[in-house]
Amino acid sequence: MNKIAGLLIAISSFMAGQQQMSLSDCEEAFQKNNLQLLAEQYNINMADADILQAKIWELPQLSGQINAYNPEGKKVFDIGSAKGAQITQLIYMGGKKKNEIAFSKSNKELAQLQFSQLLVDLRTQLHAAYFNLYYEKLKLDNTNKQLGYMNDLLSAYRVQSAKGNVSLKDEVRLQSLVIQLNNDKLGINKNILDFEQNLKVLTGISDDIEPQLADADAKEILAAQPFGDENELKKKALENNSDYLYFLKLIDNSKLYSQWQKSLNVPDLNVGAGWDQNGGTFKNEVNLMLGIPLPLWKSNQGNVEKANYAIQQNQKNAEYQKMNLETKVQAAYKTWKSQYDQFAEIKTTDLSNMELVYDGMLKNFRKGNVNLIEFTDFMDSYRETALQIYDMKNEIMQSAEQLNQLIQTKIFY
């Protein structure tokens, strides 16, 4: 009774450290908890602050003067009869403020595109880790199933080998297969730990995540095909890929910056008013004050030229990104298509037959209808084939995710 209670406690503690989560559950946690995503959001907030700052004008300046020494009355600081004050305000000319605000708004659009691209990249990592974990768990279950039978069989052969009823060679043959299965299990468990760690970082959940994906849903995802041919996918990528749109927007951004730098060559106007008690032509006179720099040369010409070079640079970068994106879409589509077609050649009946043959080999071996060499050869072949099939399914999903990452709009129907 105590053993049963201890087993139940161990199972409950193990389950407490795991969470069964669907892919949508992981996405919800990801958008809520991912620290990279939350940190990137502040770039948009800072861009809003830059827009606010661009709208703020220089403060008006207030100045005044008082008498330091009156030579006629021989008084120091004769404030009562000699003082004055001025107030001035800088008036921006040439549309400087308008251009600065437009440039700041463009920077916010760039920050939003960067956020969108990071969201896509991290979501792709999330999906990749989720499907990797899902198929590694299936591989582990399959390997454990084979190990359970082979360990029992090896134990029985060891007993019979010690009694001299079977040859040591047969025991070693079984031992070799068990070692290979254990080696497979070791590699699978290592992969599981890596994928679990990735999911924890991406979702912000400290517990191990158990993928909750029904077989029917997995088959539906595998069967999905992209809408449109290769050229259509390229067109959609150019319309929706945030990374490419960022470089297009960067051209507009650099043009706005150039326009702002050109406007800085226009002299600004200082407007003000001054009052003087006794220093002017009249007593207590009030004067209008105007001041403007003499435009003898363009004081911002170097920055204007630099901004124009930035436009040309960003245009070339955008051309490169277009070519790079189209090439990536082409390669990703061909990779997905070849993997999809390869797996499609394996019929559902073939997979069912493989499991039927596996069960049949176990039964016939127990009955003595199959010798040990035939049995171990089949088991080794089955072991490799089972792992390859899981890998093939996973690779199709990973290729589909790569296409989604590049095209960034719904393409699988």
Side-chain angles (χ1 to χ4, degrees), residues 7 131-196 210-211 213-216 218-219 222-223 335 338-399:
L7 180 61
F131 291 133
N132 277 328
L133 182 59
Y134 171 73
Y135 280 109
E136 289 299 312
K137 292 271 189 178
L138 291 179
K139 287 163 70 173
L140 182 63
D141 290 342
N142 185 276
T143 302
N144 281 334
K145 179 184 73 172
Q146 296 177 64
L147 263 175
Y149 179 79
M150 295 305 298
N151 277 325
D152 290 343
L153 184 61
L154 179 59
S155 297
Y157 262 72
R158 280 172 175 164
V159 172
Q160 295 301 317
S161 176
K163 295 178 179 179
N165 295 331
V166 296
S167 68
L168 182 61
K169 181 177 66 175
D170 292 341
E171 179 188 341
V172 170
R173 183 182 291 274
L174 287 174
Q175 178 70 54
S176 176
L177 190 54
V178 169
I179 289 173
Q180 186 59 60
L181 285 168
N182 276 315
N183 187 57
D184 291 341
K185 183 177 179 179
L186 186 65
I188 292 169
N189 278 324
K190 182 180 180 298
N191 291 337
I192 287 175
L193 288 174
D194 289 340
F195 299 139
E196 285 177 342
E210 182 73 25
L213 183 64
D215 290 341
K219 289 179 181 178
L222 283 171
T335 300
S338 63
Q339 291 171 344
Y340 183 88
D341 292 343
Q342 183 181 12
F343 184 72
E345 292 177 1
I346 304 175
K347 307 299 182 185
T348 305
T349 53
D350 294 337
L351 298 176
S352 300
N353 289 341
M354 191 174 78
E355 294 302 318
L356 286 174
V357 173
Y358 174 79
D359 292 336
M361 285 294 289
L362 294 182
K363 292 177 183 177
N364 280 292
F365 181 70
R366 291 190 189 103
K367 293 177 181 179
N369 298 331
V370 176
N371 62 42
L372 182 63
I373 294 177
E374 292 174 326
F375 176 73
T376 53
D377 285 346
F378 171 80
M379 290 298 291
D380 190 48
S381 176
Y382 174 83
R383 177 190 65 80
E384 290 183 0
T385 304
L387 294 179
Q388 287 172 356
I389 288 174
Y390 287 128
D391 285 338
M392 287 174 67
K393 291 180 179 180
N394 187 28
E395 285 168 359
I396 292 173
M397 290 190 176
Q398 300 297 336
S399 297

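Values in this document were obtained by computation on a predicted structure and should not be read as measured data. Residue numbers count from 1 along this sequence.
- Within the model, atoms CE of Met397 and CG of Leu213 stand 6.0 Å from one another, a figure rounded to the nearest 0.5 Å.
- In terms of modelled atom types and a separation under 3.5 Å, the side chain of Asn182 and the main chain of Val178 share a donor-acceptor contact.
- Taking Asn353 as the reference, nothing meets the side chain to side chain donor-acceptor pair (under 3.5 Å) condition, with sequence neighbours excluded.
- In this structure, Asn132 and Asn191 have side chains that are not in contact, with every pair of non-hydrogen atoms separated by 4.5 Å or more.
- Residues forming a side-chain contact (heavy atoms from CB on, under 4.5 Å) with Lys190 (at least two apart in sequence, or on another chain): Asp194.
- For Tyr390, the ring pair (Phe, Tyr, Trp, His ring centres under 6.0 Å) test picks out no residue, with sequence neighbours left out.
- For Lys219, the salt bridge (charged side-chain N to carboxylate O under 4.0 Å, His left out) test picks out no residue, with sequence neighbours left out.
- Partners of Thr143 according to the side chain to side chain donor-acceptor pair (under 3.5 Å) rule, which considers only residues two or more places apart in sequence or in another chain, do not exist here.
- By the neighbour-count criterion of 12 heavy atoms within 6.0 Å, atom CG of Asp359 is densely surrounded, having more than that number from other residues, nucleotides or ligands.
- With sequence neighbours excluded, the residues satisfying ring pair (Phe, Tyr, Trp, His ring centres under 6.0 Å) with Tyr340 are Trp336.
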Inset, instruction - Determine, stepwise, if the pair Asp152 / Ser155 fulfils side chain to side chain donor-acceptor pair (under 3.5 Å). - result: CA-CA 5 Å; Asp152 290 343; Ser155 297; 5.5 Å; no
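- When the shell of 6.0 Å around NZ of Lys145 is examined, it contains more than 12 heavy atoms from other residues, nucleotides or ligands.
- Here the closest heavy-atom approach between residue Glu136 and residue Ile188 is recorded as O-CG2, 3.3 Å.
- The main-chain N or O of Ile373 is found under 3.5 Å from a side-chain atom of Thr376 such that the two form a donor-acceptor pair.
- Among residues two or more places apart in sequence or in another chain, the salt bridge (charged side-chain N to carboxylate O under 4.0 Å, His left out) test is passed with Asp341 by Lys337.
- Glu395 is linked by a salt bridge (charged side-chain N to carboxylate O under 4.0 Å, His left out) to nothing, counting only residues two or more places apart in sequence or in another chain.
- Arg383 meets the side chain to side chain donor-acceptor pair (under 3.5 Å) test with Asp184, Asp380; sequence neighbours excluded.
- For the atom pair CE (Met354) and OG (Ser381), the distance works out to 9.0 Å, reported to the nearest 0.5 Å.
- Residues Gln175 and Ile179 form a side-chain contact, since some pair of their non-hydrogen atoms from C-beta on lies under 4.5 Å apart.
- Ile396 and Gln339 make their closest contact through CD1-O, 3.7 Å (heavy atoms, listed as atom of the first residue, atom of the second, distance).
- Between Glu171 and Lys163 there is no salt bridge, since none of the side-chain N atoms of the basic residue sits less than 4.0 Å from a carboxylate O of the acidic one.
- Scanning for ring pair (Phe, Tyr, Trp, His ring centres under 6.0 Å) contacts around Tyr134 gives an empty result, with sequence neighbours left out.
- Residues satisfying the ring pair (Phe, Tyr, Trp, His ring centres under 6.0 Å) criterion with Phe375, sequence neighbours excluded, are Phe365.
- Applying the salt bridge (charged side-chain N to carboxylate O under 4.0 Å, His left out) criterion to Lys393, with sequence neighbours excluded, gives no partner residue.
- With contacts defined as side-chain heavy-atom distances shorter than 4.5 Å, the pair Tyr157/Asp170 qualifies.
- Among all heavy-atom pairs drawn from Met392 and Phe343, the shortest one is CE-CA, 3.8 Å.
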